[in-house]
Amino acid sequence: MSKRKRKSNRFYKNKVTKPEEKLKATLNKTAELFKKAERQKLSVKSKRAEKLVEEGKVKDHKHIGKGNKDKSYKRYKTQVKSFINEMGISEIKEITPEIISKYVDKEIKLFNTPIIIEQDGEKTLVYPKEHLSAADRLNRNLTSLKSLQLAISETKVLGTGNKKEIDFGDIQLQRNKVKEAKVFRAKGGSAWHNPTNREMRTIKDRQNKKAKEGNYLDQMAADFVRYEQITGARPMNAVEQTKTNFIKNEDGSMIVIHEDDKGGKTRPVLIEKPDEVKFLEDLIGKHDDFKVFQGWKKNGGHMSAESLLKRLGEKVKEVSEDIKGEKKVTVKGNEQVFTVETRITLHSPRKNYGTNKTIEYYEYIMKSPRETEKRIEEKLNKLHQMEVKIYEKFKTENPVKNKNDQEKLNAMLPRSKKKYEELVRKQNARNKNYAKKKGNKTYKTVKHLSNEEVAKYLASCDLGHHRTDVINDSYLDHDRWNKVVAKYKK
């Protein structure tokens, strides 16, 4: 028994002697840590949990609620891997407070170093994508390291002895440093370009032309972009979409179900245009695979969703390098206004969808001024009925057997109409407070939001946010939108 143990130790030492082997072993160990943390439902993200700890209602926040979703752990694993590679680390114990502080200082410097463009005697600060994303990257990586720190302390993956050697320091101190340096995410400052319909057609034409000369991935990239533009799907959800999530209605329309989307929510989207329904029918009939988009390795095996997404992103980038734009953004906590360079990414078709749907809803509502209220009710009811239909179907086909099944069912509960009613109540409360402030005894009670806000809300339901501010900040091409609104205001 002892001989076997010594042999095993010698083998382990020889195995990780080379730096690249050490790094590989470390990344495998990191993946194992996050896998164990996922099983134990450890969570570092819950603000509610932190508040309960502060109030003394619970002992600690580590096991409160559902814990992080599997997608969160995938993201943490990817970010920690990126951090390890960037900082030249080969072992987890090399992640020290000094290394983390050095990384934070580097990112703060990057964020505060824009490119200065001088034209006609005027200087403009331009923040390219890599500068703008410094704030997001910083916060994501600090959260990932905090999650890794929790996984190390709460699991037995590294053993008791190794735990004592590992000290990341107080991650919150690094967060405070980021806040003091005024490195905030830019409001509406996404570096993803929101393409016009003309730009989308240009990308589509270029991809179709390339598909005739290239491999199957070029054609898939063309289909992928069109699918996102039609359904408003997030890239990661689109690449994992299965053929069972398409329902053809008797009236010829189609319901596309985005299952287990962001936040674990499931949302249906109604497709009514005949040409779009035809495209989706052709798409799901192209091959016999369970997934709509399936990539293959050279050895014949299936690509992972992450690998396929990366390849599709490269294909889209090849045909859209010259399509870019600029946008003015304000940074929260910083009074300056910056110009940000925007480029096409796999998320861009979803942005185009957001603008198109908002305008489409607005034009439908405004088409008949005397029936505006009726048309709003009609759209809200239609959305609610679709959500009820999907919920009942899922409930019938998938009996609840355990807690996870119940959570999945709860994620499908109809919520668009309820959320809208909440928004109306908040608007009436604001009207009441405003009247009180002005010394008025009466105030206007509204049954609906303004027509513009209703259109934004309906589009936000299709996108899965149920919030008008997200549409305003991230999905609306304001030049196009303002022209449409001005046309109906005349």
Side-chain angles (χ1 to χ4, degrees), residues 26-27 30 33-34 37 42-47 50 61 68-69 71-89 92 94-115 125-152 166-192 235-236 262-263 306 313 327 329-343 345 347 470 473-474:
T26 299
L27 293 175
T30 301
L33 276 161
F34 281 126
L42 299 178
S43 176
V44 297
K45 293 183 73 178
S46 174
K47 290 181 181 178
E50 297 280 5
H61 68 275
N68 293 321
K69 294 282 181 185
K71 286 184 181 178
S72 297
Y73 284 108
K74 281 182 185 176
R75 192 162 58 244
Y76 291 158
K77 187 173 69 176
T78 303
Q79 285 160 200
V80 168
K81 181 181 177 180
S82 174
F83 174 82
I84 286 171
N85 286 326
E86 187 177 344
M87 300 308 291
I89 293 163
I92 291 176
E94 291 176 16
I95 303 176
T96 62
E98 292 72 30
I99 286 286
I100 296 172
S101 182
K102 183 181 175 182
Y103 165 74
V104 169
D105 291 339
K106 180 176 75 70
E107 292 293 306
I108 288 173
K109 186 178 179 182
L110 177 64
F111 180 81
N112 288 313
T113 313
I115 294 172
L125 297 179
V126 178
Y127 276 63
K129 184 177 178 181
E130 58 270 20
H131 289 66
L132 182 73
S133 59
D136 279 344
R137 188 167 55 242
L138 253 175
N139 286 313
R140 283 198 304 264
N141 283 345
L142 288 175
T143 299
S144 301
L145 287 169
K146 191 174 179 183
S147 188
L148 179 63
Q149 190 178 38
L150 180 64
I152 290 168
I166 297 167
D167 177 24
F168 292 179
D170 188 349
I171 301 291
Q172 190 56 45
L173 290 177
Q174 300 301 329
R175 285 189 180 281
N176 293 341
K177 190 196 290 186
V178 172
K179 285 181 182 177
E180 286 166 12
K182 291 191 174 181
V183 179
F184 296 95
R185 182 179 181 182
K187 184 181 180 183
S190 166
W192 299 324
M236 181 51 83
K262 190 174 181 180
E306 290 83 0
K327 64 189 291 188
V329 298
T330 53
V331 179
K332 186 182 174 184
N334 195 324
E335 298 305 316
Q336 288 179 289
V337 177
F338 302 120
T339 302
V340 178
E341 183 182 66
T342 59
R343 290 186 177 274
T345 69
H347 207 87
V470 177
D473 293 343
S474 302

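Remember, it's a predicted structure, so these values are computed and weren't measured experimentally. Excluded from the calculations below are hydrogen atoms, water molecules and symmetry mates; all remaining heavy atoms, backbone and side chain alike, are included. Residue numbers count from 1 along this sequence.
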- [ ] Decide yes or no for Q79 and F83: does some side-chain heavy atom of the first lie under 4.5 Å from some side-chain heavy atom of the second?
- [x]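 Contact flag for Q79/F83 side chains = no.
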Spatial distance of atom [atom1] ([X]) from atom [atom2] ([Y]) [nearest 0.5 Å]:
X    : Y    : atom1 : atom2 : answer
I166 : I95  : CD1   : CD1   : 8.0 Å
R175 : K146 : CZ    : NZ    : 6.0 Å
I89  : K81  : CD1   : NZ    : 14.5 Å

Open item on the list: Main chain of R140, side chain of S144: is a donor-acceptor contact present, judged purely on distance under 3.5 Å?
Closed with: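 At least one qualifying donor-acceptor pair exists.
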- [ ] Please confirm whether the backbone N or O of I84 pairs with a side-chain atom of E94, one donor and one acceptor, at under 3.5 Å?
- [x]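 No; zero donor-acceptor contacts below 3.5 Å.
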TODO: Apply side-chain contact (heavy atoms from CB on, under 4.5 Å) to K177 and list each qualifying residue two or more places apart in sequence or on a separate chain.
DONE: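 For K177 the side-chain contact (heavy atoms from CB on, under 4.5 Å) partners, ignoring immediate neighbours, are S101, V104, D105, I108, Q174.
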Task: Sequence-distant partners of F168, ring-ring contact (aromatic ring centres under 6.0 Å, His included), two or more places apart - done: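 None.
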TODO: May I ask you to decide whether K77 forms a salt bridge with E306, counting only side-chain N to carboxylate O separations under 4.0 Å?
DONE: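 Salt bridge: no.
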TODO: Might you confirm whether atom NZ of K106 has over 12 heavy atoms from other residues, nucleotides or ligands at distances under 6.0 Å?
DONE: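 Result for NZ/K106: enclosed.
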TODO: Check I171 against L142 and note the closest heavy-atom contact, atom names and distance.
DONE: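 So the two residues come closest at CG2-O, 3.7 Å.
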- [ ] For N176 and E180, run side chain to side chain donor-acceptor pair (under 3.5 Å): C-alpha distance rounded to whole Å, both residues' side-chain angles, the deciding distance at 0.1 Å, then the answer.
- [x] CA-CA 6 Å; N176 293 341; E180 286 166 12; 5.9 Å; no
